[in-house]
Amino acid sequence: MTTAQDHRFMGRAMQLARSGLYSPHPNPRVGCVLVQQDEIIGEGWHAYSGGSHAEIVALNSTSKTTQGATAYVTLEPCSHHGRTPPCVEALIEAGIARVVVAMQDPNPLVSGKGLQRLMDAGIKVETGLLAEEAETLNLGFIKRMRHGTPYVRSKLAMSLDGRTAMASGESKWITGSAARADVQRLRAASSAILTGIGTVLSDNPRLTVRLEASDLEMPTPETSPISPLRVVVDSQLRIPLDAEILQQAGKTLIFSCHHSIEKIAQLTEMGAEVVLLQGKRPDLRGVLEALAARDINEVMVEAGSLLNGELLSQNLVDEMVIYMAPCLMGDGAKGLFHLPELNAMQDKVALKIVDIRAIGKDWRITAKLQ
């Protein structure tokens, strides 16, 4: 049975886990708090892949005895040898008497094994405290482990009348500087940014994170944000060799159905990687599964109405983040999604708005499919 104090300490562990919002992927965001007689004696979070896990950081942070202490952890402690030793063994050796865990590890290969090892060692284990909050911290990691695809977040910017670009294709800038800075934070928290060849040809985007660690309020120097993988869906391999997206540091991954040996060689020489798919058009679910196989947890979609419409119609979008500007762009401007199959009211796509807030002069609407 959990108490008000348990909620307080687990809340602190959640806060610590959020310190790793931008840096630990493909690993999950995890926080840990050590408590002795209602006093916090140690705490930590998982800062970056390959670094110490939250439990180890917390144990190393204290000079006080941990014998008989309680550990609050946002995710089940690991029980296997990976790039770091198992955390359960460290907790056992430290003499921890009770472990409160928000949620089990979603990896079916290890789920429950860490908890069982703790119980076998005589440690009291409780699970489920603030479980919903813990899941929200790691939506991408959880989806990849449970379903084999990343969490897909589609970012869109529109006018008050639901338009994303003028008929000419001009779209810079619908929203203000505050909203654009907010988008940079979404990029930094993503494992990959996905776009279509139409957006590359019309907007020539860089799709990079243009914020420093200090702008993101990163807690320590070693937790600098990881540059998201840039991904382009380009069925006919039309991407120009001088495209801005190919000039940036880090890798660009291109999914295509066009088997042009010469163009592929040119792109490879520039540091890009081309993944060839069967058929005339890339299978979008197959693209997402391939990204998950590369340990991609969260995909941010920054694309036009065609790719967004295809993802939506195939039920591949988990969340939409829509920035709405206080302006009107008229009937001739382009809409958010290309969904020609919707002809009757019963065909409408139902959404659940989970958050809405002002970002500068604009509004940010977060919605999920019902």
Side-chain angles (χ1 to χ4, degrees), residues 1-2 6-7 9-11 13-14 16-18 20-21 23-34 44-59 70-94 96-152 191 285 288-299 318-319:
M1 180 177 176
T2 56
D6 290 329
H7 279 79
F9 294 131
M10 184 61 81
M14 294 289 174
L16 291 166
R18 292 187 192 97
L21 181 63
S23 55
H25 56 87
N27 293 349
R29 300 153 181 146
V30 183
C32 176
V33 170
L34 303 178
W45 67 89
H46 182 44
Y48 58 97
S49 179
S52 297
H53 289 187
E55 300 91 326
I56 306 304
V57 175
L59 289 169
T70 297
Y72 296 84
V73 193
T74 58
L75 185 70
E76 175 183 359
C78 63
S79 57
H80 62 286
H81 282 272
R83 296 174 69 179
T84 58
C87 293
V88 290
E89 300 302 330
L91 292 171
I92 293 169
E93 291 175 9
I96 300 296
R98 177 176 176 242
V99 177
V100 182
V101 177
M103 65 171 290
Q104 287 191 20
D105 191 322
N107 187 339
L109 298 177
V110 300
S111 182
K113 293 182 179 179
L115 301 180
Q116 188 60 55
R117 176 70 185 96
L118 293 171
M119 289 186 286
D120 289 345
I123 295 174
K124 184 179 180 181
V125 175
E126 298 178 42
T127 61
L129 180 61
L130 301 187
E132 185 175 345
E133 289 85 345
E135 292 216 9
T136 301
L137 275 171
N138 290 297
L139 292 170
F141 178 76
I142 292 168
K143 190 178 180 194
R144 178 166 66 89
M145 288 298 167
R146 290 178 178 171
H147 303 289
T149 55
Y151 188 86
V152 177
S191 310
R285 181 173 291 278
L288 294 177
E289 289 174 349
L291 292 177
R294 293 170 180 255
D295 294 334
I296 297 298
N297 290 333
E298 298 180 25
V299 171
D318 295 293
E319 178 180 298

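Since this is a predicted model, take the numbers as computed values, not measurements.
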Just how far is it from atom OH of Tyr72 to atom CG of Leu16, taken to the nearest 0.5 Å? 14.0 Å

Heavy-atom closest pair, residues Val88 and Ser79: CG2-CA, 3.7 Å

Inter-residue atom distance Ser191.OG - Arg144.CZ, 0.5 Å rounding: 8.0 Å

Could you walk me through whether Glu289 and Arg285 pass the side chain to side chain contact (heavy atoms under 4.5 Å, CB included) check? CA-CA 6 Å; Glu289 289 174 349; Arg285 181 173 291 278; 3.7 Å; yes

With rounding to the nearest 0.5 angstrom, report the CG to CZ distance, Asn138 to Arg29. 6.0 Å

Working to the nearest 0.5 angstrom, can you tell me the gap between Ile56 CD1 and Leu91 CG? 6.5 Å

If I take atom SG from residue Cys78 and atom CG from residue Asn107, how far apart are they, to the nearest 0.5 angstrom? 11.5 Å

Test side chain to side chain contact (heavy atoms under 4.5 Å, CB included) on Asp318 and Leu139; report intermediate values, then the result. CA-CA 10 Å; Asp318 295 293; Leu139 292 170; over 6 Å; no

How close do Ser49 and His25 get, counting heavy atoms only, and between which atoms? CB-O, 4.2 Å

Do any side-chain atoms of residues 130-137 form donor-acceptor pairs under 3.5 angstrom with protein atoms, and if so which ones, sequence neighbours left out?
from   : atom 1 : to     : atom 2 : distance (Å)
Thr136 : OG1    : Glu132 : O      : 3.0

Run the side chain to side chain contact (heavy atoms under 4.5 Å, CB included) check on Met103 and Leu75 step by step: do they pass? CA-CA 5 Å; Met103 65 171 290; Leu75 185 70; 3.7 Å; yes

Nearest-0.5 Å distance, CG of residue Asn27 to NE2 of residue His53: 5.5 Å

Least distance between heavy atoms, Thr149 atom then Ala292 atom: CA-CB, 3.8 Å

Show your working on side chain to side chain contact (heavy atoms under 4.5 Å, CB included) between Leu118 and Ile96 and close with a plain yes or no. CA-CA 10 Å; Leu118 293 171; Ile96 300 296; over 6 Å; no

If you measure from the Lys or Arg side-chain nitrogens to the Asp or Glu carboxylate oxygens, is any gap between Glu298 and Lys143 under 4.0 Å? no

Heavy-atom nearest pair, Ser52 first then His46, reads O-ND1, 3.2 Å

For the side chain of Thr74 and the backbone of Gly31, is there at least one donor-acceptor N/O pair under 3.5 Å apart? yes

How close do Ala54 and Val30 get, counting heavy atoms only, and between which atoms? CB-O, 3.5 Å

Looking at every heavy atom in both Leu129 and Met10, which two are closest together, and how far apart are they? CD2-CB, 3.7 Å

Backbone of Val99 reached by a side-chain donor or acceptor of Thr70 within 3.5 Å: no

Ignoring hydrogens and angles, tell me if any N or O in the side chain of Glu76 forms a donor-acceptor pair with the backbone of Gln104 under 3.5 Å. no

Should Trp45 and Met14 count as side-chain neighbours, where that means a heavy-atom distance under 4.5 Å? no

